[in-house]
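Down below is the structure, laid out as structure tokens.
Numbers restart at 1 for each chain; the letters A, B, ... are given by sequence-line order, proteins then strands. As the structure is a prediction and not an experimental result, all values here were calculated from the model. All values below were derived from every heavy atom in this structure, side-chain atoms included, with hydrogens, water molecules and symmetry-related copies excluded.
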Number of protein chains: 2
Amino acid sequence: MDGTPPAESDPRVERLVNELIGRVADKWTMLILELLEEKGTLRFTEIGRQVEGISQKMLTQTLRQMERDGLATRTVHPVVPPRVDYALTPLGNSLSAAFCGVWIWAERHLAAVEEARARFDAL
Amino acid sequence: MDGTPPAESDPRVERLVNELIGRVADKWTMLILELLEEKGTLRFTEIGRQVEGISQKMLTQTLRQMERDGLATRTVHPVVPPRVDYALTPLGNSLSAAFCGVWIWAERHLAAVEEARARFDAL
DNA sequence: CGGCATCCTCCTGGATACTG
DNA sequence: CAGTATCCAGGAGGATGCCG
């Protein structure tokens, strides 16, 4: 943790890495990632209930993307009424761990940022 | 780094933390953060040249936001032609360090994600 | 040089309604 | 229950032009 980014050499790889971060750093993705990390396995509606303010559309879309990216698994149980379970893959777990540092940063420095904003806005 | 998020108790704080992350996890912010971390101090146009694809509007907007959030300093030199220098604050440096984990994750697992996508799309 | 203001376009994402 | 499909408003963000 010296704060020095990897200093990517290949610009093509750098671009891909940036795109990937842009994708996973999405608000809903991060919230669902955190939720599944904590709760383990949840069904569709459960996630919808526990992620404050998410629409059904974004929930479906985000889960699909996470599944596609190999971050989560989607298990369909052939019962009536239908039941679909979601859980993190090891890859998803590792991303959750990586985000942990940012989460802690935000928590620790929230006050400092709000202070800075107040000072800036006072001008 | 056990992958367990702080499990925020106060829902109001949790919301603020989420908003803050949403703000700083912005694409341009992350790129400028990384650039300033590496290069130290840069002027407006320098940053514009080195951040691939950013428009002047987004550059101004992002730098202003970073300044407001206490992540970067803006120094105006009263010379002709005008010269404005940007550099990270300690707070900005700490955020850069926090993002380091995500950056490393993306770099290390880029191939795995692309593999997962290929497998998903093959269906 | 380092902006700010304006216009205009595209895409995100919410609301709603319908299916297996 | 777990989606898919459609419509639509709002904001992100690019292009252009003007100022100190």
Stepwise salt bridge (charged side-chain N to carboxylate O under 4.0 Å, His left out) test for B/E46 and B/R43: CA-CA 5 Å; B/E46 283 296 314; B/R43 13 190 334 186; over 6 Å; no

Residue pair B/D85, B/R83: steps toward the salt bridge (charged side-chain N to carboxylate O under 4.0 Å, His left out) verdict: CA-CA 7 Å; B/D85 286 337; B/R83 176 200 178 96; 3.4 Å; yes

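Minimum interatomic distance between B/V102 and A/F99 (heavy atoms only, all atoms of both residues): CG2-CD2, 3.7 Å. The shortest non-hydrogen separation linking A/H109 to B/S94 is NE2-OG, 3.9 Å. The minimum heavy-atom distance between A/I21 and B/A106, with the atom names listed, is CG1-CB, 3.7 Å.
Two residues are said to be in side-chain contact when any heavy atoms from C-beta on lie closer than 4.5 Å; A/T60 and A/F44 meet this criterion. By the 4.5 Å heavy-atom criterion applied to side chains, B/L95 and B/L88 are not counted as neighbours.
Within residues 72-86 of chain B, the residues that place at least one heavy atom under 4.0 Å from DNA chain C are, in residue-number order, B/R74, B/P81, B/P82, B/V84, B/Y86. A heavy atom lying under 4.0 Å from DNA chain D marks the following residues of residues 42-54 of chain A, by number: A/R43, A/F44, A/T45. Against DNA chain D, the stretch residues 58-67 of chain A makes heavy-atom approaches under 4.0 Å through A/T60, A/R64.
Summarising the geometry, the separation between NZ on A/K57 and C1' on D/dA5 is reported as 10 Å, rounded to the nearest angstrom. If you take CD of A/Q56 and P of C/dA15, they are 12 Å apart, rounded to a whole angstrom.
Summarising the geometry, atom NZ belonging to B/K27 is positioned 12.0 Å from atom CZ belonging to A/R23; distances are rounded to the nearest 0.5 Å. Considering CG of A/L110 and CH2 of A/W105, their distance stands at 9.0 Å, rounded to 0.5 Å.
The hydrophobic clustering, which links ILVMFWY residues whose side-chain heavy atoms are closer than 4.5 Å, places A/L31 and B/V13 together.
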